[in-house]
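Worksheet for the structure shown next.
Keep in mind the model is a prediction, meaning the values are calculated, not measured.
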There are 2 protein chains.
Amino acid sequence: MFLLSISKTIMTQTDTRQRIIDAAEQLFAEKGFNNTTMRAITGMADVNLAAVNYHFGSKESLLQEVFERHILPLNKERRRRLEAVRAATMIKKEPLKVREVLTAFISPTLKLRDAGPSARNFLSLVGRSLSDADDTPRRIFFTNMRPIFELLFDMMCEALPETPPGHVCWRLRFALSSMGQVLIGTDFTSALFPQADAHQTTQQIEELLLDFIIPGMEESH
Amino acid sequence: MFLLSISKTIMTQTDTRQRIIDAAEQLFAEKGFNNTTMRAITGMADVNLAAVNYHFGSKESLLQEVFERHILPLNKERRRRLEAVRAATMIKKEPLKVREVLTAFISPTLKLRDAGPSARNFLSLVGRSLSDADDTPRRIFFTNMRPIFELLFDMMCEALPETPPGHVCWRLRFALSSMGQVLIGTDFTSALFPQADAHQTTQQIEELLLDFIIPGMEESH
DNA sequence: CTCAAATTCAAACATGTGTTTTAATCGATC
DNA sequence: GATCGATTAAAACACATGTTTGAATTTGAG
């Protein structure tokens, strides 16, 4: 009885929370954090205006939850794969390969492209965060990304022992912003060159992306 | 007398206009369009709140003027250099070279990095525009960039006759977003890897950027 | 100096914002 | 069914926003 009542209570609670998060995710992805109003969120979620502040405390905390819902498991998977790459090369006593390191980071990310509209909206949010002018989303993004970025950076420096860290850092930034373009969506391409953008599968885009950034990453100038 | 009076009138008028544009440029670059208030702009410019609407009509028109002040001459120079490349290769009856096309587009852009704080702020604005969620800045940006983007795209397709236009389009997008990271400023690098980001000159960064994107651009997968 | 136009100014306006409040409603336990 | 805590609901709050207004001031020409 006790457990049942608890689970029922939690059920309805998370139902409202879930609807809010879903709506916020979609609107944040489409219009950005600042251009999304609480009234738009609660309207789309079909809940009362005060529900956001009741369940999340503030609009900013809501963004944080929207963000963390996907970034936490994603970064866990990234770390798992990065460390698997490191372990495998240590066993074989080979040096780290740029392609393997980048793939370990990027592949789990792009997998989310086909994991439903919620994940897709989340990716859009992430794609913009790298160059967002808005304080709040950028702070939340970088706070969550710092540890995994540092691991990626360290392994990349290890894979490119001849390249100065300052160069690795810039190249990584270029590579990540390129990935960001994939995450955002197709607005740019279809808006500018509608004739060029045939529908590409995520797999094809991942190859396109990796083929673009890996040669630049390994360049030995 | 007539000319003098006119010039004097224009002087004071453009003086106010100039101060507003300068302040707006800096604030738009730092905080983004939506997070910059009219009161912040007029406060920094030390003019009356109503001056923006009197001289420009609206906040959006102000952004347009801020943008066009630098984008018009910049795109003119880009076009000049792109067409110079095309003319030179036609005379020599050689195929277009990826490096030359990209350099013709990118080099005039990065030159602005050392052309004073105003140009620097403008670049920051441009760098963010590629992935901006906000309607207004993105629309103004793409409207102004479409023609030069199309020229760049056409020449790049010509330089890469074996590569399908859909691939060229994606690679161009990757390349431009990488350039965008240079334009935005150093927040990312210094925030995440403070130890790695030695001060680089614009010339060095341009080399870094071109060395990164050219191999990916030419990749023949 | 005088006058008319251009510009500046302080104030108000209308609306939109995130948040808070207070009462009503619901759900589960006794 | 009564009761208590959790949730929802409607309204208001306090403030920030871009814009407009109408008077004051400045400017330049006759």
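One axis for each end of the helix from dC1(C)-dG30(D) to dC30(C)-dG1(D), each built from five base pairs, and the angle between them comes to 0° at 10° resolution.
Between the CG atom of Leu27(B) and the C1' atom of dT17(D) there is a distance of 16 Å, given to the nearest Å. To the nearest angstrom, C1' of dT8(D) lies 12 Å from CZ of Arg19(A). One can place CG of Asp46(A) at 13 Å from C1' of dA9(D), the figure rounded to the nearest angstrom.
Counting heavy atoms from C-beta on, the side chains of Leu151(B) and Arg86(B) come closer than 4.5 Å.
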**Q.** Contact state string [nucleotides 12-21 of chain C, B base, S sugar-phosphate only, - no protein heavy atom under 4.0 Å]
**A.** B----BBBBB
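Among residues two or more places apart in sequence or in another chain, the side chain to side chain contact (heavy atoms under 4.5 Å, CB included) test is passed with Thr42(A) by Val47(A), Leu49(A), Val52(A). Residues passing the salt bridge (charged side-chain N to carboxylate O under 4.0 Å, His left out) test with Glu207(A), sequence neighbours excluded: none. Remark: Ser61(B) engages Ser58(B) in a side chain to side chain donor-acceptor pair (under 3.5 Å) (not counting sequence neighbours). Residues satisfying the ring pair (Phe, Tyr, Trp, His ring centres under 6.0 Å) criterion with Phe212(A), sequence neighbours excluded, are Phe174(B). Not counting sequence neighbours, Asn53(A) has no partner by the side chain to side chain donor-acceptor pair (under 3.5 Å) test.
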Quiz: residues 65-74 of chain A side-chain donor-acceptor pairs under 3.5 angstrom, not counting sequence neighbours:
| residue | atom | partner | partner atom | Å |
| --- | --- | --- | --- | --- |
| Glu65(A) | OE1 | Arg17(A) | NH2 | 2.8 |
| Glu65(A) | OE2 | Arg17(A) | NH2 | 3.0 |
| Glu68(A) | OE2 | Gln64(A) | NE2 | 3.1 |
| Arg69(A) | NH1 | Asp22(A) | OD1 | 3.1 |
| Arg69(A) | NH2 | Asp22(A) | OD1 | 3.0 |
| Arg69(A) | NH2 | Glu25(A) | OE1 | 2.9 |
| Arg69(A) | NH2 | Glu25(A) | OE2 | 3.2 |
| Arg69(A) | NH2 | Ser118(A) | OG | 3.3 |
| His70(A) | ND1 | Glu25(A) | OE2 | 3.3 |

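Sorted by first and then second residue, the ring pair (Phe, Tyr, Trp, His ring centres under 6.0 Å) pairs with a member in residues 19-53 of chain B read Phe28(B)-Phe33(B); sequence neighbours excluded.
Between dA6(C) and His55(B), no contact under 4.0 Å exists linking OP1 or OP2 to a side-chain N or O.
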